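A quick note: this is a predicted structure, and the numbers were derived from the prediction, not measured.
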Amino acid sequence: MMEKQKSIKFNMMMNVILTASNFVFPLVTYSYVARILLPEGTGRVAFVQSSLAYFSYIAALGISGYGIRECAKVRDNRGKLSLLVQQLLTINLISTFVAYIALAVAVTIVSKFRDNAILFIVMSLSMLLQAIGLEWLYTALEKFAYITVRSIIFKIIAVILTFAFVRDQNDVVVYGAITIFTTSASNVLNFFNARKYIDFKRIRLNGLVVHLKPIMVFFMSSMIISIYGQFDTVMLGFMKNDSEVGIYNAAVKMKGIVLSVSTAVTSVLIPRMSVYFSRGEKNLFNDLLLKSVRVTCLFLIPLSAFVAINATDVLLLVCGEKYVSATPTLVILMLCCVALSLTNLLGNQVLIPTGKEKRYSMSVFIGMWINLTLNTLWIPSLASVGAAIATLTTETFNVVWMGLGCKDEVKYVCKHLGIQRYLISLGISSVLCFALRHYMGNLSVFLRLVLCTLLMFGVYYSALIIQRDPLIISMKDMIKNLMKKRYNK
């Protein structure tokens, strides 16, 4: 058991590195691109990417969530794992073919799509790469070191390509291609590397049927999430203009980066939680869930508060003056980050591993209609702010609905978390950050953010150390032990 716990720590360390790369590289590239392409250019790419998401979910067909759970159960049996992976890959390739047909029809019929046909063709390559990438296999096998190293290498290449080839406002298609390269090109390596873990043999197509029903449950959930997850951007593109989409996308980019701080770390626990639940090891399952919530409180909560407090300066530094109007949208989306992290914990780490995906599907189905209704009402008058408020309302509903579906786990977390520690630490650090900003009006944007960062996070983590937070004390002791071992050598 000690070996397993060590593996979890190693996986989390790998994902801390991955999280850092997910934070740093997008900041570097988007900060540069936003100034070159301006809101109109980044808005075009964001519109196409959001529109493609619908077809991508048809291609993916919910296989990712189902694949992680089922592969985790049989990962110690190469024969069963090989058969399962080949069956899911075959289904995935068929669904991808269907998605391409649907996309071709849409680009032909819809004038807004037709105007961006080249961008759609280039960026749609991500669907095929996604299908052959087998990312769910590597996640189920907990190959997080491989995922991390591969991801960082391709991000570095993407940064180089961005600075080399995105030079003026006409390079929108080039930027779209680099965006796909960053997220999907490594999937080619995944496909060939998969032979280390599975054997490719001829399979019978009639064996695919057994997977269709559970996959469709996952598909409905993912498709619904895609509808209301991308609908705000798509609707802004149709009802407003590319510039408005670009402004909104700046805030959405910041939200994605902040949210990745939590999800990239906690996602490593999903395969292990599926294994624990299948073995009936409820205590170990609950302990990992508690650890996930603590990670969220340790990293995502203070970062969301920091970005909300310094929203204007963050946009000025990362995107430039033309994106400052996204400030209220960014503040609202930081609140969304908290709600989204909770829905990720309750949905992906409790409901799906425990076989309650129908509850999860019902939640996102109702949430979809809430989101579509509120977007329709608020986007015409409030534009990007209305879209952000609609997202916040939807995710708040999902937290409540999903929470009701896993009451025992929620009670366990509430009993053992010690939420007061985080509220006290957050309250003190936020007040001091607000106060410091009042006296820094004449300083540069960069210096203001540096000083606020040092103060807010320094106070937050110091307060948690004083209150003996279990996770931060554990991390502190682990660093001490590593330093001692190095010194003894």
Side-chain angles (χ1 to χ4, degrees), residues 11 14-15 18 22 52-53 55-100 124-155 180-205 207-208 210-212 214-219 221-223 226 263-264 267-275 348 352-353:
N11 290 342
M14 286 294 101
N15 270 262
L18 181 61
N22 288 338
L52 272 175
F55 302 96
S56 295
Y57 276 101
I58 294 174
L61 203 66
I63 288 173
S64 179
Y66 177 74
I68 292 172
R69 188 182 72 185
E70 297 305 308
C71 287
K73 292 178 182 178
V74 298
R75 63 186 184 182
D76 296 326
N77 187 318
R78 188 179 178 102
K80 290 183 178 180
L81 181 64
S82 298
L83 177 61
L84 176 62
V85 170
Q86 285 182 264
Q87 289 173 333
L88 296 184
L89 176 60
T90 302
I91 295 172
N92 207 169
L93 290 172
I94 294 171
S95 62
T96 300
F97 178 72
V98 172
Y100 272 112
S124 69
L125 182 62
S126 62
M127 295 195 298
L128 176 60
L129 295 175
Q130 172 187 261
I132 66 172
L134 304 174
E135 193 78 9
W136 36 272
L137 169 63
Y138 292 92
T139 302
L141 295 176
E142 301 186 47
K143 300 298 178 181
F144 295 107
Y146 165 78
I147 292 172
T148 300
V149 172
R150 179 213 63 191
S151 176
I152 291 175
I153 290 172
F154 277 88
K155 282 183 173 68
I180 297 307
F181 177 87
T182 307
T183 56
S184 303
S186 59
N187 287 337
V188 177
L189 292 181
N190 285 5
F191 182 76
F192 290 105
N193 191 58
R195 290 184 178 276
K196 291 182 180 179
Y197 314 109
I198 62 171
D199 301 310
F200 285 98
K201 298 178 181 179
R202 185 176 295 179
I203 61 171
R204 293 183 178 181
L205 293 180
L208 307 180
V210 68
H211 301 294
L212 292 181
I215 282 176
M216 290 308 296
V217 174
F218 280 91
F219 168 68
S221 300
S222 60
M223 191 62 196
S226 173
T263 55
S267 62
V268 306
L269 303 177
I270 295 174
R272 191 65 61 88
M273 292 176 77
S274 296
V275 172
N348 293 326
I352 290 177

### Query
Is there side-chain contact between Leu134 and Trp136, with at least one heavy-atom pair below 4.5 Å?
yes

### Message
Going by the rule ring-ring contact (aromatic ring centres under 6.0 Å, His included), which residues pair with Phe97 if we only count those two or more places apart in sequence or in a different chain?
### Response
none

### Task
List in chain and number order the residues that pass side chain to side chain contact (heavy atoms under 4.5 Å, CB included) with Leu83, two or more places apart in sequence or in another chain; answer none if no residue qualifies.
Gln87, Ile203

### Query
Angle class for the Phe200/Phe191 ring planes (parallel below 30°, perpendicular above 60°, tilted otherwise)?
tilted

### Minimum heavy-atom distance between Ser82 and Asp199, given as atom pair plus value
OG-N, 2.8 Å

### Task
With sequence neighbours excluded, tell me which residues meet side-chain hydrogen bond (donor to acceptor under 3.5 Å, both in side chains) with Asn77.
none

### Task
Not counting sequence neighbours, list each pair that qualifies as a salt bridge (Lys or Arg N to Asp or Glu O under 4.0 Å) and has a residue in residues 132-141.
Glu135-Arg150

### Message
If we ignore hydrogens and angles and just use 3.5 Å, is the side chain of Tyr138 paired with the main-chain N or O of Tyr146 as donor and acceptor?
### Response
no

### Task
Return the set of residues passing side-chain hydrogen bond (donor to acceptor under 3.5 Å, both in side chains) with Lys201 (not counting sequence neighbours), or none when no residue passes.
none

### Message
Has Asn92 got a side-chain atom pairing as donor or acceptor with Ile132's backbone, closer than 3.5 angstrom?
### Response
no

### Task
Scan for salt bridge (Lys or Arg N to Asp or Glu O under 4.0 Å) pairs involving residues 184-198, sequence neighbours excluded, and state none if there are none.
none

### Heavy-atom side-chain contact between Leu84 and Cys71 under 4.5 Å
yes

### Query
Do Leu88 and His211 have side chains that get closer than 4.5 Å, going by heavy atoms?
yes

## Note on the structure
Heavy atoms of Ser56 and Gln130 approach each other most closely as O-NE2, 3.4 Å

### Query
Given Ile91 and Leu212, is the side chain to side chain contact (heavy atoms under 4.5 Å, CB included) satisfied, shown in steps?
CA-CA 9 Å; Ile91 295 172; Leu212 292 181; 4.1 Å; yes

#### Entry: Beyond-backbone contact of Tyr66 with Leu61, side-chain heavy atoms, under 4.5 angstrom
no

### Query
Do Leu141 and Leu81 come close enough that some side-chain heavy atom pair is under 4.5 Å?
yes

### Task
Check side-chain hydrogen bond (donor to acceptor under 3.5 Å, both in side chains) between Gln86 and all other residues, then give those that pass, not counting sequence neighbours.
none

### Task
Please list, chain by chain and in numerical order, all residues satisfying side chain to side chain contact (heavy atoms under 4.5 Å, CB included) with Ile94, sequence neighbours excluded.
Thr90

### Summary
Across all chains, not counting sequence neighbours, the side chain to side chain contact (heavy atoms under 4.5 Å, CB included) partners of Val98 are none

### Query
What is the minimum heavy-atom distance between Ala194 and Leu137, and which atoms define it?
CB-CD2, 4.3 Å

### Task
Taking the side chain as every heavy atom from C-beta outward, state whether Tyr197 and Arg75 have any atom pair closer than 4.5 Å.
no

### Query
Does Ile58 reach the side chain of Thr96, with side-chain heavy atoms less than 4.5 Å apart?
no

## Note on the structure
Value for OH (Tyr57) from OG (Ser95), rounded to nearest 0.5 Å, stands at 14.0 Å

### Summary
Between the CZ atom in Arg69 and the OG1 atom in Thr139, the distance rounded to the nearest 0.5 Å is 15.5 Å

#### Entry: With Ser124 via side chain to side chain contact (heavy atoms under 4.5 Å, CB included) - residues at least two apart
Leu52, Tyr100, Leu103, Met127

### Query
Which pair of heavy atoms, one from Ala72 and one from Ala140, lies closest together, and at what distance?
N-CB, 3.7 Å

